[in-house]
Amino acid sequence: MKILITGATGSVGTGVLEALPQQHDIRLSDIASPKGAASQPFFTADVREPHALDEAAQGVDVIIHTPAYHGIHMGTFTEKEFYDLNVTGTFEMFQTAVRNNVRRVVWLSSMSFFGDDFYAYTKKLGEQVCEFYHRKHGIEVLMLRPADFTPFRSIKHYGERLLHGGVDRRDVIQAVVKATTCEQRFGAYHIVRDDRFTEADVIAYAQGNRVDMWEKLYPGARGIIEKYGFNLPETIHPAELSREKQELGYAPSYNFGTFLDEFTRDNAIIETKQD
């Protein structure tokens with residue numbers, strides 16, 4: 001397949017480029033050129049501008065559209081800037097997709113879709129745009145709603161986030177790759193962790209046995225949580241991912257247990273610098 005990755009120099013774009021099978025013909029686009037020479041054709045384009053992606057999208061089968069301002073950017077950018085990139089950028093991308101007979105779009109939404117701030121509003125509008133272009137123009141659209149996977153400040157921060165709403169970047173990238181070839185033609189999918197808590201665990205957690213439940217699920221959790229004073233969520237909500245697994249092929253692999261395996265030794269966190 002011929003695949004165009006927009007926002008190709010960002011966190012998702014660079015990860016997806018590395019993860020996609022090499023037999024695909026991959027093109028890259030972003031508002032700024034990558035550092036160093038790109039190994040695939042690169043097109044400098046501002047997705048907010050009409051026709052900016054037309055050249056890059058010629059002959060393309062799938063567009064993986066990743067450009068967006070995120071919740072962490074609230075207060076840094078104005079509401080207009082959020083709207084222009086998250087909504088207008090999505091609209092212009094779909095206009096290009098129609099002109100170039102692109103078969104499929106993989107679009108990065110967010111679990112913040114369920115929130116009530118302006119970022120959430122742009123994701124709601126973006127998904128409506130996705131639905132329109134699927135219904136009106138027949139473009140296959142896979143909308144992925146990742147939980148928080150923004151860059152972490154430290155390994156400790158990464159681990160603590162996996163106790164709350166965080167998901168590992170590698171699971172997000174895996175979901176994007178799956179979405180490029182899965183049989184589904186349209187849908188929104190939650191890209192979150194798969195902590196296997198039982199209903200009994202949820203009840204016990206609500207009764208105050210928080211550390212016990214994490215220790216039960218991921219042996220060794222207690223020592224790290226208590227030693228480093230990790231803040232625990234007040235409630236736990238096991239995810240229902242049957243659709244994601246069956247229709248998308250999503251296979252979440254990372255959680256607090258893998259964090260313990262990767263980044264702790266002898267009840268201590270091994271702080272390593274991110275790539």
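In this text, all values refer to a predicted model and were calculated from it rather than measured experimentally.
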Quiz item: Taking H134 for the side chain and G187 for the main chain, is one N or O donor matched with an acceptor at less than 3.5 Å?
Solution: no

Quiz item: Rounded to the nearest 0.5 Å, how far apart are CH2 of W214 and CG of N255?
Solution: 8.5 Å

Quiz prompt | Heavy-atom pair of closest approach, residues A147 and G165 | solution = CB-O, 2.9 Å

Exercise. May I ask you to check whether Y158 and F263 place their ring centers less than 6.0 Å from one another?
Key: yes

Practice problem: List in chain and number order the residues that pass salt bridge (charged side-chain N to carboxylate O under 4.0 Å, His left out) with D84, two or more places apart in sequence or in another chain; answer none if no residue qualifies. | Solution: K80

Practice problem: State which residues pass ring-ring contact (aromatic ring centres under 6.0 Å, His included) with F256; sequence neighbours excluded, sorted by chain then number. | Solution: F259

Quiz item: Just wondering, more than 12 heavy atoms not from Q246 lying within 6.0 Å of its CD?
Solution: no

Quiz item: Salt-bridged, R135 to E131, with N to O below 4.0 Å?
Solution: yes

Quiz item: Between the side chain of R27 and the main-chain N/O of L4, is any donor-acceptor distance below 3.5 Å?
Solution: no

Quiz item: Between D201 and K216, does at least one N-O distance fall below 4.0 Å, as a salt bridge requires?
Solution: yes

Quiz item: Donor-acceptor pair, N209 side chain versus V211 backbone, under 3.5 Å?
Solution: no

Exercise. Could you tell me whether the side chain of D30 and the main chain of T9 form a donor-acceptor pair under 3.5 Å?
Key: yes

Quiz item: Hey, would you say the F82 and H70 ring centroids sit under 6.0 Å apart?
Solution: no

Practice problem: Check whether the ring centres of F91 and F94 lie less than 6.0 Å apart, and answer yes or no. | Solution: no

Quiz item: Is the side chain of K227 donor-acceptor paired with the backbone N or O of R222 at a distance under 3.5 Å, no angle test?
Solution: no

Quiz item: Under 3.5 Å, is there a donor-acceptor pair between the side chain of T44 and the main chain of I31?
Solution: no

Quiz item: Side chain of Q40, backbone of I26: donor and acceptor closer than 3.5 Å?
Solution: no

Quiz prompt | In one Ile/Leu/Val/Met/Phe/Trp/Tyr side-chain cluster, 4.5 Å: F132, Y83 | solution = yes

Quiz item: Which is it for I5 and H65 under the side chain to side chain contact (heavy atoms under 4.5 Å, CB included) test, yes or no, and what are the steps along the way?
Solution: CA-CA 6 Å; I5 304 173; H65 188 72; over 6 Å; no

Quiz item: If you round to the nearest 0.5 Å, how far is OG of S109 from CD1 of I191?
Solution: 10.5 Å

Exercise. Determine whether more than 12 heavy atoms belonging to other residues, nucleotides or ligands lie under 6.0 Å from atom CD of E55.
Key: no

Quiz item: Is the side chain of T264 donor-acceptor paired with the backbone N or O of N267 at a distance under 3.5 Å, no angle test?
Solution: no

Quiz prompt | W107 ring center within less than 6.0 Å of Y133 ring center | solution = no

Self-check item: Heavy-atom pair with the smallest gap, counting every atom of R48 and Y69
Solution: NH1-OH, 4.2 Å

Quiz item: Should K2 and D61 be marked as a side chain to side chain contact (heavy atoms under 4.5 Å, CB included) after you check the CA-CA gap, both sets of side-chain angles, and the distance that decides it?
Solution: CA-CA 5 Å; K2 292 184 178 180; D61 300 296; 3.7 Å; yes

Practice problem: Looking only at non-hydrogen atoms, find the nearest pair between R265 and L260 and report the distance. | Solution: NH1-O, 4.5 Å

Exercise. Go through the structure and list residues passing side chain to side chain donor-acceptor pair (under 3.5 Å) with T78, not counting sequence neighbours.
Key: E81

Quiz prompt | Residue pair I139, V102: steps toward the side chain to side chain contact (heavy atoms under 4.5 Å, CB included) verdict | solution = CA-CA 7 Å; I139 298 174; V102 173; 5.5 Å; no

Practice problem: State whether the number of non-hydrogen atoms from other residues, nucleotides or ligands found under 6.0 Å of R196 atom CZ is greater than 12. | Solution: no

Self-check item: side chain to side chain donor-acceptor pair (under 3.5 Å) partner of Y189, the single match among R145, K245, E244, E247
Solution: E247

Self-check item: Nearest-0.5 Å distance, CG of residue L85 to OG1 of residue T90
Solution: 7.5 Å

Practice problem: Examine the side chains of E160 and Y228 and answer whether a donor and an acceptor come within less than 3.5 Å of each other. | Solution: no

Quiz item: Have T258 and D261 got a donor and an acceptor in their side chains that come within less than 3.5 Å?
Solution: no

Exercise. Decide whether M93 and V98 are clustered together by the hydrophobic rule: side chain heavy atoms of Ile, Leu, Val, Met, Phe, Trp, Tyr closer than 4.5 Å, transitively.
Key: yes

Quiz item: Will you find, in the side chains of Y218 and D195, an N or O donor that is under 3.5 Å from an N or O acceptor?
Solution: yes

Self-check item: Donor-acceptor side-chain pairing of S242 and E240 below 3.5 angstrom
Solution: yes

Quiz item: Got a salt bridge between E271 and K156, using NZ or NE/NH1/NH2 to carboxylate O under 4.0 Å?
Solution: no

Exercise. Determine whether F43 and I64 fall in the same hydrophobic cluster, where Ile, Leu, Val, Met, Phe, Trp and Tyr are linked whenever their side-chain heavy atoms lie under 4.5 Å apart.
Key: no

Quiz item: Residues in side-chain contact (heavy atoms from CB on, under 4.5 Å) with A120, at least two apart?
Solution: D117, K124

Exercise. Grab the two heavy atoms, one from H164 and one from P233, that are nearest each other, plus how far apart they are.
Key: CE1-N, 3.4 Å

Quiz item: F230: what forms a ring-ring contact (aromatic ring centres under 6.0 Å, His included) with it, not counting sequence neighbours?
Solution: none

Practice problem: Please round to the nearest 0.5 Å and tell me the distance separating atom NE2 of H24 and atom OG1 of T180. | Solution: 5.0 Å

Quiz item: Between E140 (side chain) and Q184 (backbone), is there a donor-acceptor pair under 3.5 Å?
Solution: no

Quiz prompt | Value rounded to 0.5 Å, distance of OG1 in T122 from CZ in F118 | solution = 6.5 Å

Contacts table for residues 169-179: side-chain donor-acceptor under 3.5 angstrom, sequence neighbours left out:
residue : atom : partner : partner atom : Å
R169    : NE   : S11     : O            : 3.3
R169    : NE   : S11     : OG           : 2.9
R169    : NH2  : S11     : O            : 2.8
R169    : NH2  : T14     : OG1          : 3.4
R170    : NE   : D168    : OD1          : 2.8
R170    : NH1  : E262    : OE2          : 3.0
R170    : NH2  : D168    : OD2          : 2.9
R170    : NH2  : E262    : OE1          : 3.0
D171    : OD1  : S253    : N            : 2.9
D171    : OD2  : S253    : N            : 3.1
D171    : OD2  : Y254    : N            : 3.2
Q174    : OE1  : A251    : N            : 2.8
Q174    : NE2  : A251    : O            : 3.0

Quiz item: If you take all heavy atoms of P146 and L108, which pair is closest and at what distance?
Solution: CG-CD1, 3.7 Å

Quiz item: Between M143 and F186, does a side chain to side chain contact (heavy atoms under 4.5 Å, CB included) hold up when you go through it step by step?
Solution: CA-CA 8 Å; M143 299 170 288; F186 180 80; 3.6 Å; yes

Practice problem: Considering non-hydrogen atoms only, spot the tightest contact between A32 and F42 and give its length. | Solution: O-CZ, 3.3 Å

Quiz item: When rounded to the nearest 0.5 angstrom, what distance separates CD1 in I63 from OG1 in T96?
Solution: 6.5 Å

Self-check item: Whether over 12 other heavy atoms sit under 6.0 Å from Q23 CD
Solution: yes

Quiz item: In this structure, are over 12 heavy atoms from other groups packed under 6.0 Å from F113 atom CZ?
Solution: yes

Exercise. Could you tell me whether the side chain of R193 and the main chain of L162 form a donor-acceptor pair under 3.5 Å?
Key: yes

Quiz item: Are the aromatic rings of F152 and H157 close, with centres under 6.0 Å apart?
Solution: no

